[in-house]
Amino acid sequence: MADDQWYDEAAGPLIRPYAITRGRIPSVDIKLDVATQVMALRGNHDPIGLTPEHLTILELCERPLAVAELAVYVNVPLAVVKVLCSDLIERGAVIVRSPSQPAKAPDRELLQAVLDGLNRL
């Protein structure tokens, strides 16, 4: 966090995640993976209603960062970052991009045909 007055070395963050998110949980409508890239949109965004954590995310996301990286830099749990990013998405302050979908594995028959072909060599 940019302001160290809310962090105690022995106790950790003095503001609990519940207080940061106002008791909300990650949105089911917005799917954010740990590898989802978040990038702030340029322009003047109205800071009214944004927490210091929201503002920190906007500063950090001048270049794309993964949700997991944001959790580390902002020093809050992953679920909290997902809630905060969802807020920023709804405001139009950030855009997100999920990592490309992993390639689908070939089916068993194809693999068996390749193995059979190699055995015949």
Side-chain angles (χ1 to χ4, degrees):
M1 260 192 265
D3 193 357
D4 289 336
Q5 72 180 1
W6 296 108
Y7 188 81
D8 181 87
E9 288 297 324
L14 298 177
I15 297 178
R16 295 290 166 228
Y18 182 86
I20 295 171
T21 63
R22 295 183 299 268
R24 295 172 298 134
I25 60 172
S27 172
V28 295
D29 297 332
I30 300 173
K31 304 287 186 207
L32 296 174
D33 184 288
V34 294
T36 299
Q37 299 290 305
V38 181
M39 185 169 176
L41 295 172
R42 293 185 182 179
N44 293 331
H45 300 288
D46 186 10
I48 294 175
L50 295 179
T51 65
E53 292 81 12
H54 284 115
L55 297 173
T56 300
I57 289 171
L58 286 173
E59 285 178 26
L60 290 169
C61 289
E62 288 180 3
R63 63 179 178 86
L65 284 176
V67 170
E69 291 175 291
L70 288 171
V72 171
Y73 291 137
V74 181
N75 197 26
V76 295
L78 192 58
V80 172
V81 168
K82 288 181 178 183
V83 170
L84 298 174
C85 285
S86 294
D87 294 343
L88 294 171
I89 291 167
E90 289 173 359
R91 286 180 145 231
V94 298
I95 56 172
V96 294
R97 182 170 184 208
S98 295
S100 60
Q101 296 296 324
K104 187 176 178 182
D107 64 351
R108 184 171 172 84
E109 287 94 27
L110 176 62
L111 292 174
Q112 188 63 49
V114 170
L115 182 60
D116 292 342
L118 290 173
N119 285 335
R120 281 185 289 228
L121 291 177

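Once rounded to the nearest 0.5 Å, the distance linking CG of Leu60 with CD of Glu69 reads 9.5 Å. Atom NZ of Lys82 sits about 12.5 Å away from atom CG of Leu84, to the nearest 0.5 Å. A distance of 10.0 Å separates OG1 in Thr56 from CG in Leu70, rounded to the nearest 0.5 Å. Note that CG of Leu88 is 14.0 Å distant from CE of Met39, once rounded to the nearest 0.5 Å.
A continuous path of Ile, Leu, Val, Met, Phe, Trp and Tyr side chains, each step under 4.5 Å between heavy atoms, connects Ile89 with Leu55, placing both in one hydrophobic cluster.
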Between Val81 and Val38, does the side-chain contact (heavy atoms from CB on, under 4.5 Å) criterion hold? Intermediate values first, please. CA-CA 11 Å; Val81 168; Val38 181; over 6 Å; no

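Here the closest non-hydrogen pair linking Cys85 and Val94 is O-CG2, 4.2 Å. When all heavy atoms are compared, the tightest approach of Lys31 to Thr36 is O-OG1, 4.5 Å. Closest of all the heavy-atom pairs between Leu41 and Gly92 is CD1-O, 3.2 Å.
No side-chain heavy atom of Asp87 sits less than 4.5 Å from a side-chain heavy atom of Thr51. Side-chain contact between His54 and Ile57 is absent, with no heavy atoms from C-beta onward closer than 4.5 Å. Within the 4.5 Å cutoff, the side chain of Leu115 has heavy atoms near those of the Asn119 side chain. Counting heavy atoms from C-beta outward, Val67 and Leu78 have side chains that approach closer than 4.5 Å.
Atom CG of Leu121 sits in a crowded spot, with more than 12 heavy atoms from other residues, nucleotides or ligands closer than 6.0 Å.
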